[in-house]
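Have a look at the structure below, then the notes.
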Amino acid sequence: MNRVIGFFLFVSVFLVPSSPAASVSPLHDGWRLQSACKLSATGEAISAAGFSTEGWISATVPSTVLAAQVAAGIYPDPYFGDNLRKIPGTSYPIGANFENLPMPADSPYHCGWWYRDQFAAPAAALAGAHYWLHFDGINYRADIWLNGHKIADSSQIAGAYRIYNLDVTKYLKPGGTNMLAVETFAPTPMDLGINWVDWSPAPPDKDMGLWGAVDLVSTGPVALRAPTVTTHFPSDDLSVADLTVYAEVENATNQTVQSVVSGTASGANFQQTVSLAPHQQRTVVFTPEQFPQLRIHDPKIWWPWQMGDPHLEHLQMSVRVQGQVSDEKTVEFGIREITSEINGTGSRLFRVNGKPILIRGGGWSQDMMLRTNHERLREQFQLVRDIGLNTIRLEGKLDTDDFFRQADKNGILVMAGWCCCDHWERWASWTPQDLSIATASLRSQMLRLRHFPSLLVWLNGSDNAPPANVETAYLNVEAETHWPNPTLSSAGNEITTVTGRGGVKMTGPYNYVEPSYWYVDKRFGGAFGYNTETSPGPDIPSRASRAQFLPDPDAWPPSEDWSYHMGSGDFKNLNDLLSAMDAMYAKPSSAAQFDRMADTMEYASERAMFEAYSRNKYYSTGVIQWMLNNAWPSMIWHLYDYNLEADSGYFGAKKACELLHIQYSYDDQTIAVVNSSYRRADGLHASVDVRGISWNELYSAERVVNAPADSSQQVITLPESLFNGMERIFFIDLTLKDSAGRILSRNFYWVPYTPTTFDWDGTQYTYTPAMYYPDMTALTHLPPATLTEHADVVDTPRGREIRLHLDNSSSNLAFQIRAAVRTSSDGLVAPVLWSDNWIELDPGESRTLTALLPKDAPESPMIHVDGWNVAPQTLTPHVGASVANTQ
């Protein structure tokens, strides 16, 4: 390790401290960007005062090269149509994983790109002050220059997920103007970079550049970094929490330094004297055995949202030298303990604070150009909570600190780990340098992430487990950094010689399957064990959303632009969905017809997936919908689309993830009540009403149900005679009420009397094909239903809400009613949080739906309402007065 330039791989969570001895200056604005191919100047000259940047691109940091070019207007929106293919350098084959291909020789990103910033540094607050350049993320290599001096080169700065703190005290001008120049280089196929697998195309720059924040940090002679608190509960009653505090300290001087490290956590004060040799780095530990005040009685505990309050505490730490504050940090943490075990069925079961939890989550993606937006991030976590999910999975996309703070605040657990499908998992071709970069990257991320209470688990591999030497190296880093949470070797059910059985599976499917699949499958992706990534595939954005990224949103058959916004490889088209649609419903003759049928199919299968895993807990222990969101506008793998509009799959999942829920089981024709809360619910009333396609009554029943906390129970079995009659489709209408008669859960199914027959031997990793599809064509010939609608826009404590009243005044079922908020010109309004959607109304039934509008919604929004057998209508809501919040 280079002691001269202070090249250290520690991460910090920076807040501006009260002491003048320690401060942080974000280097966000004023950057200029230029290709090295257009320059002949050296780094020494570029980082010197007076160097002209005329003709360079203005930029802010963090930003990749392409993101800066798009922000500067050099290229039109790469996400619209096929604009991405028109950017120089985007010549790789459509559908290929660009990370595994060399940069084209004529690509403008084949050269390095220079970032240059001129900034004022604060004057030294005390003698012996030290200055550090902190880089949160550089992809992939870089040479770094400051005031004409090379601070670090590309042999030292290598790794997309490494975090750097460079001691620049020798070259900085405190109180003066400084010039920083960073030449960045894109990853090669033999690098541990950032890739997009088959989720989306890859940007032509391979996300090169300063994708993480850059800060100038000042400290005294000793820096303090990565403070964290871990928790252990000695007893199951959680009445006492044993806290252990860790922090990393570094002596930046050439002399031995005596320092005092102190802090406060959950009202407990602690300190110890620490001697540091010249340039020594050390972990300081405060245990409850040494510091009994860290044994907290009656603690306020952090819980995932469905289990309780995600309460956050503050950890404040400082290091003093000769009585003066040298550095200090404040982070939030949660008093909580996460463990895991292999249960009796061989599946990985997670516990939070000793209580088991069924993981119900979705796979997260950052923006394809790694752009960040705090408000958009906040809105996405609002959507995650609204669906009812408790977990987000990251596959190699290790998002910003803001992401993890949102997860902490909202009580959403996070699965994190490395990515698949490129050099990250090509261990046979790794060099010793690759292993060094991989472990240094892991160390950076362990230190950065370990204090966030939302972290559930770290996966050392994704599709595959690393070989023994790599897994051992990873585990050593995790032990050295005191990672407080479980680790897994991979997302698949591999048994390694180092850690044994993982207890999870990654068996798909990733494409459309019928709802019954999730119940009847016992070999692949069905509701058993812990499925780390699976889904029924396509989820088609609405016409209004498609118009945001397609020049031909109404094209039918789908155009090339539609296909380009699918996935890659086996996911480049809609063939599997269309084959099932043609066989069961009808062959669509327009995009509108396709939308209607695709929405209903996706709703039913998405709902069934989450419901099957919920009913089977804890024979099933977790399911991750692949995916939750998209890296760019896409037709597949999301619950809400890139424009943040909730699609039908969103509402199928939201229905299934209700805390108190009633559901139908496709495998044994039973009705189940699932309590996903951690409170007992007694005196519930479950009812079932089964109707034929002509709305003729076939069966009804009621039961009184007592639902223990975190339970699943079968309460009614439909008679076998129902499935031996002449009815080809059943409507199953379910209601769950509390003891006061309030509706807690309403659920409606359209079920064929002859279920789908699957070709199990023909199963691929993408899906299991059907040998026989049921005949659902009767749904396309339902008699029309007549709706009467009225809507108001009201001000509530939550914000502006729409109250949409729907009345089915006809004698026919109104099937799959969808409501959407639009502008007066039929433009998209998103995100909108509907209380429910894609609903049914019985003859004579009325319901009121609510919709929380985004802050930028128009003053007078329009509401579109349609359904399978409901004529489309557009309403102008009445703008009313403020009302009390009824939610």
Side-chain angles (χ1 to χ4, degrees), residues 382-383 385-388 542 544 596 599-600 603 606-607 639-640 644-662 733-737 742-748 785-810 813-823 828-854 857-858 860-880 882-887:
Q382 194 176 28
L383 288 165
R385 279 285 298 266
D386 185 62
I387 298 170
S542 69
R596 183 184 67 190
D599 284 342
T600 294
Y603 179 101
E606 201 73 67
R607 174 179 62 178
L639 294 179
Y640 56 87
L644 305 190
E645 184 174 39
D647 295 321
S648 63
Y650 177 106
F651 289 98
K654 177 175 178 173
K655 180 66 65 176
C657 293
E658 294 172 325
L659 287 182
L660 284 167
H661 180 65
I662 188 168
D733 198 355
L734 305 177
T735 304
L736 184 68
K737 297 180 180 180
R742 291 184 293 263
I743 294 177
L744 302 173
S745 176
R746 178 77 184 279
N747 217 345
F748 191 98
T786 302
L787 293 188
T788 302
E789 300 116 341
H790 174 78
D792 296 293
V793 177
V794 297
D795 292 324
T796 76
R798 295 201 311 161
R800 294 170 65 223
E801 278 189 358
I802 287 175
R803 304 286 170 86
L804 173 62
H805 180 76
L806 301 171
D807 178 26
N808 181 2
S809 56
S810 70
L813 171 73
F815 183 63
Q816 283 281 275
I817 303 166
R818 190 265 177 106
V821 181
R822 297 288 181 255
T823 68
L828 183 68
V829 177
V832 175
L833 299 181
W834 284 97
S835 57
D836 203 352
N837 220 327
W838 274 273
I839 66 168
E840 285 71 38
L841 284 179
D842 296 349
E845 183 183 7
S846 298
R847 285 184 67 181
T848 298
L849 304 180
T850 64
L852 180 64
L853 296 172
S860 299
M862 309 299 289
I863 303 176
H864 292 190
V865 178
D866 59 22
W868 276 56
N869 60 336
V870 175
Q873 298 187 51
T874 299
L875 290 77
T876 301
H878 170 72
V879 179
S882 300
V883 298
N885 193 353
T886 60
Q887 295 287 314

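Quick caveat, the model's predicted, so the values are computed rather than measured.
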If I take atom [atom1] from residue [X] and atom [atom2] from residue [Y], how far apart are they, to the nearest 0.5 angstrom?
X    : Y    : atom1 : atom2 : answer
S835 : I802 : OG    : CD1   : 11.0 Å
R596 : R818 : CZ    : CZ    : 14.0 Å
I387 : L639 : CD1   : CG    : 4.5 Å
I817 : E840 : CD1   : CD    : 7.0 Å
H805 : H790 : NE2   : NE2   : 9.0 Å
D866 : L787 : CG    : CG    : 10.0 Å

Checking the side chain of [X] only, and the main-chain atoms of [Y] only, is there a donor and an acceptor separated by less than 3.5 Å?
X    : Y    : value
N837 : A819 : yes
S648 : T600 : no
N808 : D842 : yes
S745 : I662 : yes
K655 : R746 : yes
N869 : F815 : yes

Can you name the nearest heavy-atom pair linking [X] to [Y], along with the distance?
X    : Y    : answer
P831 : P854 : O-CD, 3.1 Å
L875 : P877 : O-CD, 3.5 Å
A857 : R800 : O-NH1, 3.5 Å
V865 : E789 : CG1-OE2, 3.6 Å
S542 : E645 : OG-OE1, 2.5 Å
G388 : C657 : O-CB, 3.8 Å

- Tell me, do F748 and L813 make a side-chain contact under 4.5 Å, heavy atoms counted? yes
- Does R847 reach the side chain of I839, with side-chain heavy atoms less than 4.5 Å apart? yes
- Check ion pair E658-R607 (N to O, under 4.0 angstrom): no
- Task: For F651, enumerate each residue passing the ring-ring contact (aromatic ring centres under 6.0 Å, His included) test, keeping only those at least two apart in sequence or located in another chain.
- Result: W838
- For T876 and M862, what are the C-alpha separation, side-chain angles and deciding distance, and is it a side-chain contact (heavy atoms from CB on, under 4.5 Å)? CA-CA 5 Å; T876 301; M862 309 299 289; 3.1 Å; yes
- Task: Let me see the working for L833 and Q382 under side-chain contact (heavy atoms from CB on, under 4.5 Å), right down to the final yes or no.
- Result: CA-CA 9 Å; L833 299 181; Q382 194 176 28; 3.5 Å; yes
- Would you sort out whether T850 and R798 count as a side chain to side chain donor-acceptor pair (under 3.5 Å), showing the intermediate values? CA-CA 12 Å; T850 64; R798 295 201 311 161; 4.7 Å; no
- side chain to side chain donor-acceptor pair (under 3.5 Å) between D386 and Y650, worked out: CA-CA 9 Å; D386 185 62; Y650 177 106; 2.5 Å; yes
- Message: Please evaluate residues L828 and R822 with respect to the criterion side-chain contact (heavy atoms from CB on, under 4.5 Å), reporting the C-alpha separation (whole Å), side-chain torsions for both, the decisive distance (0.1 Å), and the verdict.
- Response: CA-CA 5 Å; L828 183 68; R822 297 288 181 255; 3.7 Å; yes
